There are 2 protein chains.
Amino acid sequence: MASSLPVFSDDLSDTELDKMMSSACEASNLLKALSHEGRLMILCHLVTGEKSVTELEDLLSARQAAVSQQLSRLRLEGLVTPRREGKAIYYSLTDDRPKRILEVIYDLFCVADDGAEKRGD
Amino acid sequence: MASSLPVFSDDLSDTELDKMMSSACEASNLLKALSHEGRLMILCHLVTGEKSVTELEDLLSARQAAVSQQLSRLRLEGLVTPRREGKAIYYSLTDDRPKRILEVIYDLFCVADDGAEKRGD
DNA sequence: TTCAAATTATGTTGTTTGTTATACTGACGT
DNA sequence: ACGTCAGTATAACAAACAACATAATTTGAA
């Protein structure tokens, strides 16, 4: 099972606090990339396999340029990877980071939606 | 154990797509609340127990008003809950949602950091 | 009343998002 | 090869947002 939460103990040295802050900074960048309805949807769809920009456009009912920009953001964050095939470009998840997070998000919003029944502490 | 990823199957009805979109919207709100260095730090610190605004101020080396505003955002999202005690106000995590996500984040950024670092490689 | 702890209001600045318009690239027909 | 079209990407810009600082306000205790 997943690590239960790390020990953010009460007495941290300044150095530890610093490290923590820079991790928080990196982490918040990832989170920023995810915290957008469209980008989140894109990632969800990519979980089932690569999709072309047009397919995504259709799936999201969004405009071409918008989707392209959203993909571009995800690409910059290294979350998705493009593959060209003729005129089309197919995107897929670069690694399992998005999946890892999506799992808990999904669990939080699409499964345990009826309240905090599985409080783990 | 966590659900392995839900089946975002390839053939979704419009209704399903709609449901997915609104979930994505809720989820992205949560994520937006988390995608901020300061707020992330606050949540991390609250994992070890409630803290007063002043304590948080100190822990984050941030100004009072800033911290208060960050807390206010988290409060709006229902992630933290205040408790008054005299002049001080102590904040704690409302439920385990933040923890659930923080676990993954921590795992991604503070543990599995030695592999592909922060780049997609 | 005065102080200390916090919140809220407000202005400013920087960031994000979508839109439209334009450019790039590969396939196809002539 | 040339022109054209389909699929994408990028640029430029305006509208909407988010974040922080400062200042004003609320609340509780001495």
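Being a predicted model, the structure only gives us computed values, none of them experimental. The chains referred to below are lettered A, B, ... by the order of the sequence lines, with proteins before strands, and numbering in each begins at 1.
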Determine: side-chain N/O of [X] to OP1/OP2 of [N], distance under 4.0 Å, yes or no.
X: R75(B); N: dT8(C); result: yes
X: H36(A); N: dA18(D); result: no
X: R63(A); N: dT17(C); result: no
X: Q70(A); N: dT16(C); result: no
X: Y91(A); N: dG7(D); result: no
X: Q64(A); N: dT19(C); result: no

Classify the nucleic acid contact of A65(A) as base, sugar-phosphate or nothing, counting any heavy atom under 4.0 Å across all strands shown.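 Base contact.
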
When all nucleic acid strands are considered with a 4.0 Å heavy-atom cut-off, which category describes S72(A): base, sugar-phosphate, or nothing?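 No contact at all - S72(A) keeps every heavy atom at 4.0 Å or more from the nucleic acid.
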
Distance, rounded to the nearest Å, where [X] contributes [atom1] and [N] contributes [atom2]:
X: D58(B); N: dA4(C); atom1: CG; atom2: P; answer: 17 Å
X: R83(B); N: dA6(C); atom1: CZ; atom2: P; answer: 12 Å
X: E37(B); N: dA18(D); atom1: CD; atom2: P; answer: 18 Å
X: E85(A); N: dA27(C); atom1: CD; atom2: C1'; answer: 13 Å
X: L76(A); N: dT15(C); atom1: CG; atom2: C1'; answer: 15 Å
X: Q69(A); N: dT16(C); atom1: CD; atom2: P; answer: 13 Å
X: L40(A); N: dT17(C); atom1: CG; atom2: P; answer: 12 Å
X: Y90(A); N: dG7(D); atom1: OH; atom2: P; answer: 10 Å

Do V53(B) and Y90(B) belong together in a cluster built from hydrophobic side chains that touch within less than 4.5 Å?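 Shared cluster, no.
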
With a 4.5 Å heavy-atom cut-off, do L34(A) and R39(A) have their side chains touching?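 With C-beta onward as the side chain, the pair stays apart.
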
Side chain to side chain, L60(A) and Q70(A), heavy atoms closer than 4.5 Å: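 Of all side-chain heavy-atom pairs linking Q70(A) with L60(A), at least one is under 4.5 Å.
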
Would I101(A) and L30(A) count as a side-chain contact (heavy atoms from CB on, under 4.5 Å) if you check the C-alpha gap in whole Å, the side-chain angles of each, and the deciding distance to 0.1 Å? CA-CA 10 Å; I101(A) 301 192; L30(A) 205 229; 3.4 Å; yes

A66(B) or S68(A), whichever maps to the more 5' nucleotide of DNA chain D: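 Final value for this comparison: S68(A).
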
With K51(A), the side chain to side chain contact (heavy atoms under 4.5 Å, CB included) member among V80(A), I89(A), L59(A):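 Looking at V80(A), I89(A), L59(A), the match for K51(A) under the side chain to side chain contact (heavy atoms under 4.5 Å, CB included) is L59(A).
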
Between K87(A) and K32(A), which has a closest nucleotide on DNA chain C that is more 5'?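 Per heavy-atom nearest nucleotide, the more 5' residue is K32(A).
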
